[in-house]
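A quick write-up on the structure given underneath.
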Amino acid sequence: MLPKRKVDIILPNYNYAHFLEEALQYISNQTFTDFNLLILDNGSTDSSHDIIRAWQKKDDRITFIINESNLGVMGSLFKGYKLANSKYHMHLPADDRIEPDYLKTTVEALDNNPEAAVAYTTSNMVSIDANMNIVGQNQRYVPHYESGLYNELIYLLIHSHATDYQLVRKAYADEFGSWEGCWNEGSGLYHKISSKYPFYYIKTEKSLIWSFKHTAQVSKQWNKNGIYFQNFVNNYDYIFKNELFPMPIKLLAKAIEYARFTGQPLAKIAEMMLNTRDGVFRNGILPVANEFLYLVADLILSQFHIRNNPNALQQNATYGTVNDAVQILGFLLQKQQYEKAQKLLDYHHVSIN
C-alpha cells in the first residue's frame, strides 16, 4: 500500500530508459506536490533501474517495484491500482509527459465538481523518429467547445480523447470494479463509469499532456499483432451485452461496429437496422428508434468542430457528414419528436435548410 496522499500516479516501464529521465523530471516539476509516483518495471534490461533508483534518492514520493515476471502494460496497471489508496489516481506511460500544471488543473476540477468521475485536459500527439526528433504533432481531438461537465459515453465509443491520460476519482472507479477486466489501458472502465457519472473536460490554451508516438511503443505492437482489432470487437460486444447500458447505447455500439467493418456511413447503417425485415430485431429496435437516431446524429456531429469552421459542412469524417446528422435531426423534428434535437442543432450552430 502506498503512503496516503491525494494523488497516485501509476507508471509502467519496460526498457524505456531513453524516455525515463525526462518523464520523471516533468512529474517532479508538478506545481501540485501531494502525490505518490508508483513505478512498476517489467524486468527492464537497459539502464531503467539505475535511473529510477537515482530519482528515488532525490524524491521520497517514488515507490519502485520490479515485477517478478513481465506483466505487460495492463498487468502492471492492475497491480498498481490495487496498491493505490489516494482520492485520485492516474496512469502515465513512461514515454509521455505532463506539464507542470497538469495535476493542479485536474485536481482542482475534481475538487470543484464532486459529481465528476474523471478530469482531463487538452493534449498533444507527437510523432518522433528513432533519433528522438519530432517529425509531426497535432492536438488530440476533443468533441467539446468549452470546459465543463459532459456525458462522454457515446463519444468514448469512437474517440480516445478521455481514455489515455486523465485523473480518475478512485471511489467511482472502485464502484465499477476498478480496472479488472479492462483493455486498451482501461477503456472498459471508462465506459462503465460514464454510464453513471459525467467527466469534466478542461479546455486549456496549451496542451498539458504530450503523448509521444514512436515505432517501439506498445500500442504500435498491439496494432501490428491485431490486439487493437480484437479489443475493439470485444468492446462493442461487451457494451451490447452489459445491462449497465440502455438499449439505444447498445444499438449505437453495434452500428459503429458495422460501420467499421463495412466502411458505410453511420446514418446508412442506422437506416438499415431500422428497416430490418427480421421481426425479432425490428421489435427490439422500434421502441427506442428515436433515441437511437438522436445518438447517431450526436455522435456524427461530435466528429466536427462546426462552430467557426466554414469548411465543416463540406467535410466527410469517418462516420459521415454534418448533413447526415442534420437530416436525422430534421426527421425527428418533423415527427414533433425530441425537443433536444433542436437543442443539439443550436449547440453546434447548425440549421436545417
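Because the structure is predicted, anything quoted here is derived from the model rather than measured.
Taking the six-membered ring where the residue is Trp, Tyr197 and Phe176 present perpendicular rings, their angle passing 60° and hence far from 30°. Using a 30° and 60° split on the angle between ring planes, Tyr120 and Tyr201 fall in the tilted class, from 30° to 60°.
Applying the salt bridge (Lys or Arg N to Asp or Glu O under 4.0 Å) criterion to Lys170, with sequence neighbours excluded, gives Asp174. With sequence neighbours left out, Lys196 forms a salt bridge (Lys or Arg N to Asp or Glu O under 4.0 Å) with Glu175. Scored by the salt bridge (Lys or Arg N to Asp or Glu O under 4.0 Å) test, Asp59 finds Arg61 as partners (sequence neighbours excluded). Glu115 meets the salt bridge (Lys or Arg N to Asp or Glu O under 4.0 Å) test with no other residue; sequence neighbours excluded.
Using a 4.5 Å cut-off between side-chain heavy atoms of Ile, Leu, Val, Met, Phe, Trp and Tyr, with links allowed through other members, Val107 and Leu149 fall into different hydrophobic clusters. In the hydrophobic clustering of this structure, Tyr200 does not group with Val118; members are Ile, Leu, Val, Met, Phe, Trp, Tyr whose side-chain heavy atoms approach within less than 4.5 Å, directly or through other members. Ile10 and Met74 fall within the same hydrophobic cluster, where Ile, Leu, Val, Met, Phe, Trp and Tyr residues are linked whenever their side-chain heavy atoms come under 4.5 Å apart, directly or through other members. Leu301 and Leu157 fall within the same hydrophobic cluster, where Ile, Leu, Val, Met, Phe, Trp and Tyr residues are linked whenever their side-chain heavy atoms come under 4.5 Å apart, directly or through other members.
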| field | Leu40/Leu71 under side chain to side chain contact (heavy atoms under 4.5 Å, CB included): CA gap, chis, key distance, verdict | value | CA-CA 10 Å; Leu40 295 115; Leu71 302 178; over 6 Å; no
| request: Could you give me the CA-CA distance, side-chain angles and deciding distance for Phe281 and Met273, then say whether side chain to side chain contact (heavy atoms under 4.5 Å, CB included) is met? | output: CA-CA 8 Å; Phe281 283 88; Met273 293 172 69; over 6 Å; no
| task | Could you check Arg260 against Tyr236 for side chain to side chain contact (heavy atoms under 4.5 Å, CB included), going step by step and ending with a plain yes or no? | result | CA-CA 11 Å; Arg260 282 181 177 271; Tyr236 298 131; 2.9 Å; yes
| field | Test ring pair (Phe, Tyr, Trp, His ring centres under 6.0 Å) applied to His144 and Tyr155, step by step | value | CA-CA 10 Å; His144 310 302; Tyr155 312 126; 5.5 Å; yes
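In terms of modelled atom types and a separation under 3.5 Å, the side chain of Tyr258 and the main chain of Ala270 share no donor-acceptor contact.
The distance from atom CG of Asn70 to atom CG of Asp41, rounded to the nearest 0.5 Å, is 9.0 Å.
Put simply, the residue from Asp298, Val350, Val326 that forms a side-chain contact (heavy atoms from CB on, under 4.5 Å) with Leu344 is Asp298.
Each side-chain hydrogen bond (donor to acceptor under 3.5 Å, both in side chains) pair with one or both residues in residues 323-332, not counting sequence neighbours, appears once here: Thr321-Asp324. Screening residues 29-59 for ring-ring contact (aromatic ring centres under 6.0 Å, His included) gives His49-Phe64 as the qualifying pairs, with residues at least two apart or on separate chains.
The side-chain tip of Arg5 does not point at the ring of Tyr88 from less than 6.0 angstrom away and within 45° of straight on.
Checked by atom type, the side-chain pair Asp8/Tyr81 shows no donor-acceptor distance below 3.5 Å. Looking at Asn67 and Ser76, their side chains do bring a donor and an acceptor atom within 3.5 Å of each other.
A salt bridge links Lys340 with Glu291: at least one charged nitrogen is closer than 4.0 Å to a carboxylate oxygen. Salt bridge status for Lys254 with Glu257: present, with a side-chain N to carboxylate O gap under 4.0 Å.
Summarising the local packing, NZ of Lys58 is surrounded by more than 12 heavy atoms from other residues, nucleotides or ligands at distances under 6.0 Å.
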